[in-house]
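Working notes, beginning with the structure itself.
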Amino acid sequence: LGAVVLLIPAISWLIFLAMNVLPGDVASSVLGRETNPEALAAFREQLHLNDPLLERYLDWFTGVARGDLGTSMSTQEPISTLVASRVENTLVLALLAFFLIAVLSLVLGIVAGMRPGGAVDRFISEVALIGVGVPDFVWGILLASVFAVTFKLLPGVSVLRPGETPLNHPSVLVLPVTTLVIVGLAAALRMVRAGFVDVMASDYIQMARLSGIPERRIVLFHALRNALAPTVQVLALTLLWLVGGVLVVETVFAYPGIGSALVQAVQTRDITYVQSLALLIAITYFLINIVADLLGVLLVPKLRTAG
Amino acid sequence: MDSLIGTQDSDAGSAITRRRLIEGAVAVGASLALPGSLARAAKAEISQKRGGVLRTGHLGGGLKETLDPMKYIYSYAEPVGAQAVYDPLLYPRFAPGQVDIRPQPGLALSVTPNRDFTRWQMLLRRGVTFHNGKPFTADDVLYSFKRAINPKNGISVGAAFPDIDFNRTKKVNSHEIVFAFKSPQPNFDYNLAAQWTFRMVPSGTVSFDPPIGTGAFKFVSWRRGVVREYERNNDYWVDGLPYLDGLEVYSFSDSTARLNAFLSGQVDVIELVEAAAVKANLKNSRVRINRSQGLKAYSFFMRLDTSPFKDNRVRQAFRLATDRKRLVDQVLLGYGQVGNDLWGKGDTDYNSQLPQRDYDPERAKALLKAAGQENLRVTLLTAPGLYVAAATVFAQQARAAGLRVDLKQVPFDQYFGNQYWLKVGFQQTDWGRSFESMAVSTMRRGSPYNETAWRRPAWDKRFTQGQAYRRGSAKRRQIFNPLQKELWNEGGYIVWGYPEIIDFAAPNVRGLLRGGGQGIGLGDLRRVSLV
């Protein structure tokens, strides 16, 4: 945990450096091609772009440490108000997808792992391969063109009026969530299955079988708990992947979340906005990892003494 | 197939003939009151249906979007918003697929010059109020001008109104102004109509959130870079307008998402659609494809102060090594017209008497040899999207003339940043301007964007002389035509194509007219209706 406290400033410095080393200038980006030197100079001054690098970093980081994400360079609004609703929207999307992936991967992984090499297993694994073999944006476009454009069953993009959130129109969530589930499920499912197969082949399960305990009871009471430990790690990885995966899917479906905000911020060269978003995402990564580790320890007593 | 690509609607056809009739009479007088046309407009209104909310889709400007009607640059969602809330002093004439800036009354009823064009008297419409109830007066007009012209505000439209002498400009009464100028301005009224994106804001405005104007729609709310919402202004100064109850203006950061939104019926109109999407939907009966031609053109340019382009034989070789027809066919998929190395095709000032320059790699080769530049190898600066597509096609064409063209691609925000633009010898650009406006911005002394490093005092002098005549006059043409010929022979631009401006509209959208072949935001949404 101590390492994390040190890591966050280090990461923030890296993010800051990377953003400032990259070419591109927010002032000329915002003011555009048909501007004049006076307006450019005034705008740069206003953004403190002429101050020394270290000073700008400290300004930003001390602000972040106090919970103030700073002011967007392009809109001059506080970043916290800009991202608040978007964080919420992304959470809705990511958690919904995560929940579905978790449940489906567990159920399907166990069903497939019960008879490794059987017809059911082969079917599930092969379908999963298709899911993971095609990139998320292709799935997104494919689903949109079939369900939104051709059959007009579901909205192809999140067209929301001001003040509305995706929860006002749950139908806009269907396609993005489905895309995430298709791609995320495949990877998670295969890992859950592998873990379960390992457990089912272990000595104590053999022992249980020999003792005449019914197969259903073996799966639910003996195997499941031990298979859960690697599964938690797998699901943590899935969650980490989702943090990045929503970025692409949000853009394809014009979903108003963190991902599309990041894309907009990068396009505008809005350094402070990108920095703050990147830092938020980095912190999320840390938190997910920590929670996953703690859960793993809770579930597998062996790990409690090892560390 | 052709019937699907038909112009706008039945009204549009009559607009063309009407335009031709009036054009025959060459109405260049400065008086603007046209009761006849107003009566016709009133008649057309009755046949339109009231009500409904129009949803439009645009490629958005993301975080850069603004509600300030004079500052928009990045997204055509912004001009839609500006047009909804604010009115201009003069409108252009809206005709499908044409550039027609003969002035129509807006918030100004008339604009009349004195004999030597150093003073213009402007009469303003009475009884107009802003959305907050404040009456519209001369103070608002003067404030809007001063705000646009102050360079610190970085408003590019301000440059269209040079040499206003505010010390001698007088407010005669609450609805009359006499503008005084430091130099003769024979086309002040045309400039106002051409820059009808220059809209009147209430005197003293510094914050535009919420925007307050006199326009046909009132601002309701927005989410920056995502959506804007407007409702009908029931007290609008034209009775019966607008037809719509409201507007929802959506910005997309991805063109596929925008196309999907349209094809799945979530928005009614998308504008400036990519040629590939047009081609794919030619036979789609649920899509009305509106095509028009504007001033916008794509060009390569060579800097006259940089080797090897100092030598006009080299420039001429590059011009002849460009196959404009194939560029239009391959890059614009045929949706466009071939350029002739000059800007402003379709505008009155355009020199249409010059022959079309054709692809002639053999002559190009000979010219390069004469200039001692055989096996010349140059680098062309390019940017993603259409620029690099054009650059790639050109590089192939130029090979036939023995030219080797290497491409150097940089992102768009850097492309027009101060590291490259106006610095590299061979580049690409696009503008949607008339000859006069291009000369002011990019050619004469003191131009802010002299892309081709065109510096010729004698040319400048003649240009200033030409500017002193009314648009459309023979004297102006006598001066401007040779100036364009000189550019055609010796300039640095290779203007290869004028793209068509294409919208998709749902079959129930009527009256979608716009000026200058631009996005629908630069049109007249007051007369759009849903049937």
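Chain letters run A, B, ... following the sequence lines, proteins first, then strands; residues in each count from 1.
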In Å, rounded to the nearest 0.5 Å, how long is the span from CD of B/Glu229 to CD of A/Glu164? 8.0 Å
Considering all heavy atoms, the nearest A/Leu160-B/Val227 contact: O-CG1, 3.4 Å
Measure A/Tyr273 against the heavy atoms of chain B and call it side chain, backbone, both or neither at under 4.5 Å. side chain
Looking at A/Ser145, A/Pro155, A/Ser72, which has the largest count of heavy-atom pairs under 4.5 Å with chain B? A/Pro155
Provide the closest heavy-atom pair for B/Ala257 versus A/Thr251 in the form atom of the first, atom of the second, distance. CB-O, 4.2 Å
Residues in residues 256-265 of chain A near chain B [non-hydrogen atoms, under 4.5 Å]: A/Pro256, A/Gln264, A/Ala265
Polar side-chain atom of B/Gln266 near backbone of A/Gly156 as donor-acceptor pair, under 3.5 Å: yes
Proximity breakdown for B/Arg55 and chain A, heavy-atom pairs closer than 4.5 Å: neither
Contacting moiety of A/Val149, where chain B heavy atoms sit under 4.5 Å: both
Would you say B/Lys408 has more than 12 foreign heavy atoms packed within less than 6.0 Å of its NZ? no
Just checking A/Phe147: does its CZ atom have more than 12 heavy atoms from other residues, nucleotides or ligands closer to it than 6.0 angstrom? no
Closest-packed option against chain A by number of heavy-atom pairs under 4.5 Å, given B/Ala261, B/Gly265, B/Ala159, B/Ser441: B/Ala261
Any pair counted as salt bridge (Lys or Arg N to Asp or Glu O under 4.0 Å), so long as it reaches residues 71-93 of chain A, sequence neighbours left out: A/Glu77-B/Arg224
